[in-house]
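What follows is one structure encoded as structure tokens, with my remarks underneath.
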Amino acid sequence: MMTLQPLDLSNRGEILQLVEFINTHYLAAVPLTESAVASGRTKLFWAQVDGQRVGASAYVERTPMLAETVKSVIDPAFRGKGYGAKLSQAIEDQVKRDGYKKAMTTVYIDNLPMILIKLRQGYRFEGFHPDHERPGWHEYSFGKLLT
């Protein structure tokens, strides 16, 4: 069973560990920074299985009804074991527990495993974003009403 452990924002060492983990294992045009994490605007979590960290995820409130899941990544040592789907479900469940009525996310167009996971979990395609973070980096957006 996968659980989400909230990041301790009072622990600078833990913040730095998470920033390094995400920036090492999550391909992004804009790296995560310590100051962005410490702001508290993004709700960040370590993903754990049997007490072992296997990944991380986060969400950002976009409106009082809508949260965007971001920075979901599984450690390469644990990929291919179904943890991506479990992490996607765990962060969705967290968003719902926190009172949001809709979850959305963007996925790089070449990340076929996550695109398939989102579609299987009932997310609907909502848009194409060419050159979203920089030229040549295209993303799809997906959304799901949380009932």
Side-chain angles (χ1 to χ4, degrees), residues 1-118 120-121 123 126-127 129-144 146:
M1 177 177 177
M2 182 170 290
T3 59
L4 296 180
Q5 178 65 41
L7 184 67
D8 180 357
L9 293 178
S10 68
N11 183 333
R12 183 169 185 257
E14 189 173 345
I15 290 171
L16 292 174
Q17 281 182 345
L18 186 114
V19 167
E20 180 181 1
F21 175 82
I22 288 177
N23 288 339
T24 299
H25 302 297
Y26 184 89
L27 179 65
V30 180
L32 187 62
T33 64
E34 178 185 358
S35 60
V37 171
S39 75
R41 186 171 172 269
T42 303
K43 307 297 183 205
L44 293 123
F45 303 88
W46 287 109
Q48 299 180 337
V49 174
D50 298 326
Q52 184 172 23
R53 288 181 180 167
V54 299
S57 190
Y59 75 83
V60 178
E61 180 179 286
R62 295 296 180 205
T63 72
M65 181 182 136
L66 172 68
E68 179 180 5
T69 62
V70 297
K71 306 295 186 195
S72 295
V73 61
I74 297 296
D75 185 312
F78 295 98
R79 291 182 185 165
K81 300 177 183 200
Y83 291 150
K86 289 179 190 324
L87 179 55
S88 177
Q89 188 62 57
I91 196 67
E92 177 188 315
D93 293 344
Q94 183 67 48
V95 164
K96 186 175 180 178
R97 272 192 304 279
D98 289 347
Y100 297 94
K101 304 299 181 207
K102 183 176 180 181
M104 64 89 52
T105 193
T106 59
V107 180
Y108 294 118
I109 65 169
D110 60 350
N111 187 350
L112 187 57
M114 186 52 67
I115 291 168
L116 293 173
I117 286 168
K118 291 298 184 184
R120 286 183 190 126
Q121 290 178 334
Y123 284 76
E126 293 186 337
H129 310 281
D131 306 312
H132 200 123
E133 291 182 356
R134 70 177 182 201
W137 289 52
H138 313 307
E139 295 179 320
Y140 295 128
S141 59
F142 296 91
K144 180 179 178 179
L146 307 174

Give, for atom [atom1] of [X] and atom [atom2] of [Y], the distance between the pair rounded to the nearest 0.5 Å.
{"X": "K81", "Y": "K86", "atom1": "NZ", "atom2": "NZ", "result": "12.0 Å"}
{"X": "M114", "Y": "I74", "atom1": "CE", "atom2": "CD1", "result": "7.5 Å"}
{"X": "S88", "Y": "K144", "atom1": "OG", "atom2": "NZ", "result": "8.0 Å"}
{"X": "L7", "Y": "K43", "atom1": "CG", "atom2": "NZ", "result": "11.0 Å"}
{"X": "E139", "Y": "H129", "atom1": "CD", "atom2": "NE2", "result": "7.0 Å"}
{"X": "I15", "Y": "T33", "atom1": "CD1", "atom2": "OG1", "result": "10.5 Å"}

For the student: nearest non-hydrogen atoms of [X] and [Y], plus distance:
{"X": "P76", "Y": "H25", "answer": "CD-ND1, 3.1 Å"}
{"X": "L4", "Y": "A90", "answer": "CD1-O, 3.5 Å"}
{"X": "A103", "Y": "L66", "answer": "C-CD1, 4.3 Å"}
{"X": "L32", "Y": "V19", "answer": "O-CG1, 3.5 Å"}
{"X": "S141", "Y": "M104", "answer": "CB-CE, 4.3 Å"}
{"X": "F78", "Y": "Y83", "answer": "O-CD1, 3.4 Å"}

field: Within 6.0 Å of CD in E20, more than 12 heavy atoms from elsewhere
entry: no

field: Crowding at CZ, R134 (>12 non-hydrogen neighbours, <6.0 Å)
entry: yes

message: So if I apply the side chain to side chain contact (heavy atoms under 4.5 Å, CB included) rule between M2 and each of D93, L87, I91, which one comes out positive?
response: L87

message: If we check side chain to side chain contact (heavy atoms under 4.5 Å, CB included) with Y100, which of these qualifies: Q94, E68, E61, R62?
response: E61

query: Does Q121 use its side chain to pair, donor to acceptor, with the backbone of A85 at less than 3.5 Å?
result: yes

message: Show, in sequence, the C-alpha distance, side-chain angles and deciding distance for V54 and D75, and conclude whether the side-chain contact (heavy atoms from CB on, under 4.5 Å) test is met.
response: CA-CA 6 Å; V54 299; D75 185 312; 5.5 Å; no

- prompt: Could you walk me through whether I115 and F142 pass the side-chain contact (heavy atoms from CB on, under 4.5 Å) check?
  reply: CA-CA 9 Å; I115 291 168; F142 296 91; 3.9 Å; yes

- request: Hey, can you tell me if W137 and Y108 have their rings parallel, tilted or perpendicular (30° and 60° cut-offs)?
  value: perpendicular

Do [X] and [Y] have side-chain heavy atoms sitting under 4.5 Å apart?
{"X": "R53", "Y": "F21", "answer": "no"}
{"X": "K118", "Y": "Y140", "answer": "no"}
{"X": "H138", "Y": "D131", "answer": "yes"}

statement: The residue among T42, D98, T69 that forms side chain to side chain donor-acceptor pair (under 3.5 Å) with Y59 is D98

